[in-house]
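Data first, discussion second: the structure below is written as structure tokens.
Whatever order the structure lists them in is the order used to number ligands and atoms, beginning at 1.
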Amino acid sequence: MLTVHHLNQSRSQRILWMLEELGVEYDIVRYQRDPKTLLAPPELRAIHPLGKAPVVTDGSHTLAESGAILEYLVERYGEGRFVPAQGSPEYLRYRYWMHYAEGSAMPPLLLKLVAGRIAKAPAPFFMKPITRKIATSLQAGFVDPQLNLHFGYIAEELKHTGWFAGSEFTAADVQMSFPIESGVVRAGAGVHPSIRSFLERIRARPAYQRALARGGDHTPLS
Ligand SMILES: N[C@@H](CCC(=O)N[C@@H](CS)C(=O)NCC(=O)O)C(=O)O
């Protein structure tokens with residue numbers, strides 16, 4: 001039986017959703033973030049040395065990295081579904097968005113989370129204005145302009161067909177759902193109608209709703 005090592009409010013929700021789309025049976029082992037540090041508990045390191053979610057075990061395979069896991073699941077269980085035909089222009093877009101999600105979209109979103117926490121972190125009163133100034137300068141000078149650039153671009157791309165890789169729903173849409181849901185919470189990405197419409201369409205999918213019911217609340221951290 002395939003097992004998903006699932007951390008609350010995390011990227012592992014994407015994997016549950018993909019498995020529901022594929023109709024593959026799976027077990028869930030649940031882990032809770034430390035409420036202060038937000039880190040995964042050390043038990044997850046027993047499954048994979050980095051101790052980050054998601055991790056999937058399938059028979060003798062232990063897999064990490066959301067994009068690599070999604071590609072594995074679609075190749076192993078998809079029977080041609082959820083991926084464009086190899087060699088097609090849609091396949092190139094598919095591969096691009098599979099990498100873009102974690103390689104380009106997530107770094108400024110993570111910086112936004114960290115800068116927000118620095119600004120709110122307890123500090124001696126004489127240090128507070130300094131830490132707040134560092135955090136707000138980082139946000140205003142780099143993070144916010146980068147996020148506006150990325151979400152403006154994503155919104156334009158979604159205007160073509162409403163999906164990321166051609167006119168059909170694919171695993172690239174599953175992979176992109178996490179930066180988009182995080183972007184709405186952290187970066188006001190919901191101002192773009194094409195992004196709102198994408199979210200409405202994915203949230204209406206029965207498989208998305210089944211994954212939510214099994215995985216629990218996955219509202220991205222803010
Ligand atoms: N690029 C990795 C990122 C994995 C990652 O950072 N996961 C977060 C959850 S969203 C995590 O495990 N955070 C807790 C920790 O770092 O201890 C992927 O896509 O799987």
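The single protein non-hydrogen atom nearest to atom 16 (O) of ligand 1 is Lys52 NZ, 2.5 Å, given as residue, atom name and distance. Protein heavy atom nearest atom 10 (S) of ligand 1, with residue, atom name and distance: Arg11 NH1, 3.0 Å. Looking from atom 4 (C) of ligand 1 to the surrounding protein, the closest heavy atom is Ala53 O, 3.4 Å. Annotation: atom 19 (O) of ligand 1 to nearest protein heavy atom, Ser66 OG, 2.7 Å. For atom 14 (C) of ligand 1, the closest heavy atom belonging to the protein is Ala40 N, 3.5 Å.
Ring orientation note: the planes of Tyr31 and His5 are tilted relative to one another, at an angle of 30° to 60°. Under the 30°/60° scheme for interplanar angles, the aromatic rings of Tyr77 and Tyr72 are found to stand perpendicular.
Contact annotation for Ile69 and ligand 1: no heavy atom of the residue comes within less than 4.0 Å of the ligand. When heavy-atom distances to ligand 1 are checked against a 4.0 Å cut-off, Glu65 comes that close through both its backbone and its side chain.
Of the residues listed (Phe164, Trp17, Tyr208), the one engaging Phe169 in a ring pair (Phe, Tyr, Trp, His ring centres under 6.0 Å) is Trp17, and it is the only one.
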Steps toward side-chain hydrogen bond (donor to acceptor under 3.5 Å, both in side chains) verdict (Ser66, Arg14): CA-CA 8 Å; Ser66 323; Arg14 277 189 292 208; 2.8 Å; yes
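Atoms of ligand 1 lying under 4.0 Å from any heavy atom of Pro54, numbered from 1 in the order shown and given with element: 20 (O). Listed by atom number, the atoms of ligand 1 under 4.0 Å from Arg33 heavy atoms are 9 (C), 10 (S), 13 (N), 14 (C). The distance from ligand 1 to the heavy atoms of Ser10 drops below 4.0 Å at these ligand atoms: 9 (C), 10 (S).
Salt bridge status for Glu156 with Lys159: present, with a side-chain N to carboxylate O gap under 4.0 Å.
Ring centroid separation for the pair Phe198 and His192 does not come in under the 6.0 Å cut-off. Between Trp97 and Tyr153, the ring centre distance stays below 6.0 Å.
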